[in-house]
Amino acid sequence: MSNLKKHIYKKFYHEVPVSNEVLEKLENLKEAGKVQHAKWEKMKTGEAKIKIQKNQKAVLLMDSNKAVDAFPFNYKGQVRYIPEPDPILIYFHTAYVNLVQIESKRDKVFANTSVEGMTEQVINDLYEYYGLACSLIILLFTSLEAFINRSVPDAFEYKKVFEKRTEIYNKQQIQWLSFDEKVKTVLPKIKEMDFGKSHPILQTIISNLKDFRNSIVHTREEKEGHTPFDYLFKRAFTFDYRKALNAVKDFCNFYHGADYIQECPCSQDW
């Protein structure tokens, strides 16, 4: 298990390297006027020249020689084919971007909250900090839940056996089960390995992430604190966002493979 030190490598949802042999065949199809039949088009201008039906999909060939799935979108009267990015990685990436800002904004908040020198800047700092915190927590948890739902095979059936009945859930129904049931029971059954048992400390961090996310999404006034919502803001100041981010990364890589969420090889460090 390693800690992220920079932004992640961005990927499309479904991308496949294309061999030189296949590239040559595609060029021959293009020259022969059969690109429409082959459902291929190089994405040079951002506008594909093929038409697809509702039950079909386009495949674009990127300049990196990777084939990626795409969907049609009507933009100002023109049909554009948009290569589909991986939403799980988008959520995770955006959470990381917020982390970079949070770590610098927290000190700024406390630098401007003094009894003698309280200024209007305090409200701006608090709004910005808490907004970043909420965005990070919600997106990071969304990334995790989306990963779990995707991990369920299309034909998989989950059975719950009771004394007088047996309930059978298909993929669509499994996705609506509770987060805890999917993490603790369904996913280990599918993958035949258990992240929680292998990494109990990291699993606890993920449970804390879920609790914080629920506190934000279902914000309620509390009577036990000094103020109705101090429990939220205190947690936003003390929560270890970096540990949560790395725990989610390790969870996904544990079940998917070590190269799913990885650092970008580029030279930019942010």
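Throughout, residue positions are numbered sequentially from 1 according to the sequence presented. Note that the coordinates shown come from a computational prediction; the quantities given were computed from them, not determined experimentally.
Comment: Lys108 does not engage Glu128 in a salt bridge, judged by the lack of any side-chain N to carboxylate O separation of less than 4.0 angstrom. Between Arg165 and Glu167, at least one side-chain nitrogen of the basic residue sits less than 4.0 Å from a carboxylate oxygen of the acidic one, meeting the salt-bridge criterion. Using a 4.0 Å cut-off between charged side-chain N and carboxylate O, Asp194 and Lys189 make no salt bridge. Residues Asp154 and Lys171 are paired through a salt bridge, judged by an N-O separation under 4.0 Å between the basic side chain and the carboxylate. The pair Lys6-Glu263 fails the salt-bridge criterion, with no side-chain N (NZ, NE, NH1 or NH2) lying under 4.0 Å from an Asp/Glu carboxylate O. Remark: Lys210 engages Asp180 in a salt bridge, criterion side-chain N to carboxylate O under 4.0 Å.
Under a hydrophobic-cluster definition in which Ile, Leu, Val, Met, Phe, Trp and Tyr are linked whenever side-chain heavy atoms come within less than 4.5 Å, directly or via other members, Leu187 and Leu202 are assigned to the same cluster. Put simply, Leu177 and Phe156 are part of the same group of oily side chains (I, L, V, M, F, W, Y) that touch within less than 4.5 Å, one to the next. Residue Leu209 is not grouped with residue Ile90 when hydrophobic side chains (ILVMFWY) are merged at heavy-atom distances under 4.5 angstrom, including chains of intermediate members. Side-chain heavy atoms closer than 4.5 Å link hydrophobic residues (I, L, V, M, F, W, Y) into clusters, and following such links, even through other members, never connects Tyr13 to Phe147. When the side chains of ILVMFWY residues are joined at heavy-atom separations under 4.5 Å, either directly or via intervening members, Val248 and Ile102 end up in a single hydrophobic cluster.
Contact annotation: the side chain of Tyr130 approaches that of Ile216 to within less than 4.5 Å [non-hydrogen atoms, C-beta and beyond]. Residues Val68 and Val59 have side chains not in contact (no heavy-atom distance under 4.5 Å, counting atoms from C-beta outward). The side-chain heavy atoms of Asn149 and Lys182, taken from C-beta on, include a pair separated by under 4.5 Å. Within the 4.5 Å cutoff, side-chain heavy atoms of Arg242 are placed close to those of Glu103. For the pair Val217/Phe141, no side-chain contact is recorded, criterion being any heavy-atom separation below 4.5 Å from C-beta on. At least one side-chain heavy atom of Pro153 sits less than 4.5 Å from a side-chain heavy atom of Ile190. Looking at heavy atoms from C-beta onward, Ile8 lies out of side-chain contact with Tyr96 at the 4.5 angstrom threshold. A 4.5 Å side-chain heavy-atom check between Leu4 and Lys249 finds at least one atom pair inside the cut-off.
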**OP:** Could you go through the ring-ring contact (aromatic ring centres under 6.0 Å, His included) check for Tyr129 and Phe237 one step at a time?
**Re:** CA-CA 9 Å; Tyr129 180 85; Phe237 289 137; 5.3 Å; yes
Subject >> Ile88 and Phe92: CA distance, side-chain angles, deciding distance, side chain to side chain contact (heavy atoms under 4.5 Å, CB included) verdict >> reply: CA-CA 6 Å; Ile88 295 170; Phe92 188 94; 5.6 Å; no
**OP:** Determine, step by step, whether Lys160 and Glu181 satisfy the salt bridge (Lys or Arg N to Asp or Glu O under 4.0 Å) criterion, reporting the C-alpha distance in whole Å, the side-chain angles of both residues, the deciding distance to 0.1 Å, and the verdict.
**Re:** CA-CA 11 Å; Lys160 297 172 67 173; Glu181 185 169 5; 3.2 Å; yes
**OP:** Please lay out, stage by stage, how Phe212 and Phe239 fare under the test ring-ring contact (aromatic ring centres under 6.0 Å, His included).
**Re:** CA-CA 9 Å; Phe212 192 9; Phe239 192 82; 5.2 Å; yes
**OP:** With side chain to side chain contact (heavy atoms under 4.5 Å, CB included) as the test, would you mind laying out the steps for Leu89 and Tyr260 before giving the verdict?
**Re:** CA-CA 9 Å; Leu89 296 182; Tyr260 180 56; 3.9 Å; yes
**OP:** Give the intermediate values and the outcome of side chain to side chain contact (heavy atoms under 4.5 Å, CB included) for residues Val18 and Lys66.
**Re:** CA-CA 6 Å; Val18 180; Lys66 288 183 179 180; 5.9 Å; no
**OP:** Test Ser143 against His93 for side chain to side chain contact (heavy atoms under 4.5 Å, CB included), laying out the working first.
**Re:** CA-CA 9 Å; Ser143 174; His93 163 75; over 6 Å; no
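Across all non-hydrogen atoms, the minimal contact from Thr142 to Ile138 is OG1-O, 2.6 Å. Closest of all the heavy-atom pairs between Ser151 and Lys191 is CB-CE, 4.2 Å. The two residues Tyr241 and Arg235 come nearest to each other via the heavy atoms OH-O, 4.4 Å. Nearest heavy atom pair, residue Ile123 against residue Glu120, reads CG2-O, 3.1 Å. Annotation for Leu136 and Asn98: closest pair N-ND2, 3.5 Å, computed over non-hydrogen atoms. In this structure, Gln101 and Leu132 approach most closely via the heavy-atom pair CB-CD1, 3.7 Å.
For the atom pair Asp69 CG and Ile82 CD1, the distance stands at 13.5 Å (nearest 0.5 Å). Separating the NE2 atom in His14 from the CG atom in Asp86 is a distance of 11.5 Å, to the nearest 0.5 Å. The CG atom of Asn208 sits 10.5 Å away from atom CD of Gln203, with the distance rounded to the nearest 0.5 Å. Atom-to-atom distance recorded for Arg213:CZ and Leu144:CG is 10.5 Å, nearest 0.5 angstrom. The structure places CD1 of Ile206 at 13.5 Å from NZ of Lys243, a figure rounded to the nearest 0.5 Å. One finds the CD1 atom of Ile148 at 12.5 Å from the CD1 atom of Ile174 (value rounded to the nearest 0.5 Å).
Using modelled atom types, one finds no donor on one side chain facing an acceptor on the other under 3.5 Å when comparing Tyr231 with Glu221. A side-chain donor-acceptor contact under 3.5 Å links Asp125 and Gln121.
The aromatic ring centroids of Phe233 and Phe229 lie 6.0 Å or more from each other. Side-chain rings of Tyr75 and Phe73 stay apart, their centers remaining 6.0 Å or farther from each other.
Environment of NZ in Lys11: crowded, with over 12 heavy atoms of neighbouring residues, nucleotides or ligands closer than 6.0 Å. No more than 12 heavy-atom neighbours from other residues, nucleotides or ligands sit within 6.0 angstrom of NE2 on His226. The number of heavy atoms from other shown groups lying within 6.0 Å of CD1 (Ile168) is above 12. Heavy-atom contacts from other residues, nucleotides or ligands closer than 6.0 Å to OH of Tyr127 number 12 or fewer. Around atom CZ of Phe179, more than 12 heavy atoms belonging to other residues, nucleotides or ligands sit under 6.0 Å away.
The aromatic rings of Tyr255 and Phe195 sit tilted relative to each other, their planes meeting at an angle between 30° and 60°.
In this structure, the side chain of Thr204 engages the main chain of Pro200 through a donor-acceptor pair within 3.5 Å.
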